[in-house]
Protein chains: 2
Amino acid sequence: MTPQRPRTRIQRRNIETILEAALEVFSAQGFRGATLDQIAQAAGLSKPNLLYYFPSKEAIHVELLSGLLDVWLAPLRAMDPAGEPRAEIMAYMHRKLEMSREMPRESRLFANEVLQGAPRMSALLGSELKELVDEKAAVIRAWSEAGRIAPVDPYHLIFSIWALTQHYADFDVQVRAVLGPGRDPLDEAGRFLDTLFERLLAP
Amino acid sequence: MTPQRPRTRIQRRNIETILEAALEVFSAQGFRGATLDQIAQAAGLSKPNLLYYFPSKEAIHVELLSGLLDVWLAPLRAMDPAGEPRAEIMAYMHRKLEMSREMPRESRLFANEVLQGAPRMSALLGSELKELVDEKAAVIRAWSEAGRIAPVDPYHLIFSIWALTQHYADFDVQVRAVLGPGRDPLDEAGRFLDTLFERLLAP
DNA sequence: GTCTATACATCGATAGAC
DNA sequence: GTCTATCGATGTATAGAC
């Protein structure tokens, strides 16, 4: 575990530096593909120094993942049951798309983890994640049954928002290879997904 | 490279066995995460015996990827410009969804590779893949301009089919964690995606 | 707190007997 | 063709000086 209450400013700053470097390397190489040497170099620290702040490579990875879950779920948490249904869902989609633009490394970190069976996160998926999705799915179902949006399976609606937005971060290389240079995939995606969800949800 | 023309039946069978085992391990662990020991055990062969049939670990991985590309693109290739537009697109989507059910390991093998920048596949993405998508995007654009389907960006329509169908293979753990036991995610997805693409494409 | 040096394990690949 | 044994490289983690 990370020291719970870093005393000095230097400690806080070093831990931040290490986590930033680890995000860079883990997201690009996966857990096994990443090495402490790479992380140390990216952080501008020595390898033993990394292990002064964290007990192991795995501890760095776990710290990254767990620290990220709240950030990752914030857009869904912010969906307001009292708001206008279509606007709320569209806003949620756009917040997720914005995260694919602003936090592609975090998206790939999660994708790597889930793709390999979530060995360090499956507990959180079945508890914290499931509970939040259950709650928001109930909200969407109510909107749907009230006729304020078209009838739609709320769980798969949420999955579709995840899949469609995260795709542009996780498969960035493929998207750019197909579209060719000189385009802004995320910008185009914003317009496309506006259309898609408008047509899907219009009552 | 694999021996181009395996002489004996034993050679062919062993190569098949190795590739099957390698698919199992690479798709679950990624390239760096997989070890020759794991592949050898899964194949029921010794580690040096693997390297009798393939010159290196990387050669096995490359062979898997290149052998798979044709299979992977077949559903898109089969989209018929002379067919009924909406039926063709829906059929393509369902073929892709069927591949997420029947070939989840292949899906994850690709996802692992692309997620990490496609170090062993970027050439193919910019050539073979791009050319096929360009061709089919032109077909969809023509359908759209003729008013036979609703106006839609053809490239992002194809991306959306990839994202939505592959999500159920690549993020299977997450989907099941959220839905809970006793459900058939792929079956539910089939119905949801029918609805989604019907509403998106209806002229 | 941070470094150099190094212990110890794992992994890809090879040598050589059969 | 297939095995056991092993080399050499790499990677995580630790020891100990400063």
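A search for ring pair (Phe, Tyr, Trp, His ring centres under 6.0 Å) contacts involving A:F159 returns A:H156, A:W162, not counting sequence neighbours. With sequence neighbours left out, B:R191 forms a side chain to side chain contact (heavy atoms under 4.5 Å, CB included) with B:D187, B:E188. Partners of A:F31 according to the ring pair (Phe, Tyr, Trp, His ring centres under 6.0 Å) rule, which considers only residues two or more places apart in sequence or in another chain, are A:F26, A:H61. By the side chain to side chain donor-acceptor pair (under 3.5 Å) test, B:E106 is found to be paired with no residue, residues two or more places apart in sequence or in another chain being considered.
With B:Y168 as the aromatic partner, B:R176 does not meet the cation-pi criteria of under 6.0 angstrom to the ring centre and within 45 degrees of the ring axis.
Here the straight-line distance linking atom CG of A:L129 with atom CG of A:L124 works out to 9.0 Å at 0.5 Å rounding. B:L164 contributes atom CG, which lies 5.5 Å from atom CG of B:L193 (distance to the nearest 0.5 angstrom). Within the model, atoms CD of B:E98 and CE of B:M93 stand 11.0 Å from one another, a figure rounded to the nearest 0.5 Å.
A straight line from CG of A:L45 to P of C:dC3 spans 7 Å, rounded to a whole angstrom. When the P atom of C:dC11 is taken as reference, atom NZ of B:K47 falls 8 Å away, rounded to whole Å. In this structure, A:K57 atom NZ and D:dT12 atom P are separated by 4 Å, rounded to whole Å. In this structure, the CZ atom of B:R12 is 16 Å from the C1' atom of D:dG1, given to the nearest Å. Atoms CG (A:D37) and C1' (C:dA5) sit 14 Å apart, rounded to a whole Å. The distance between atom CD of A:Q41 and atom C1' of D:dT12, rounded to the nearest whole Å, is 17 Å. For the pair B:N14 CG and D:dT2 C1', the computed distance is 10 Å after rounding to whole Å. Put simply, CG on A:L50 is 10 Å from P on D:dT12, counting in whole angstrom units.
Within the 4.0 Å cut-off from OP1 or OP2 of C:dC3, at least one side-chain nitrogen or oxygen of A:N49 is found. For C:dT2, the OP1/OP2 oxygens have a side-chain nitrogen or oxygen of A:Y53 closer than 4.0 Å.
Applying a 4.0 Å cut-off to non-hydrogen atoms, the residues of residues 21-36 of chain A that approach DNA chain C are A:R32, listed by residue number.
Side-chain contact between A:L97 and A:I161: absent, with no pair of heavy atoms (C-beta onward) separated by less than 4.5 Å.
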Please tabulate, one pair per line, each protein N/O and nucleotide N/O from nucleotides 15-18 of chain C that are separated by under 3.5 Å, including the distance.
none

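Mapping B:S46 and A:S56 onto DNA chain D by nearest heavy atom places B:S46 closer to the 5' end of the strand.
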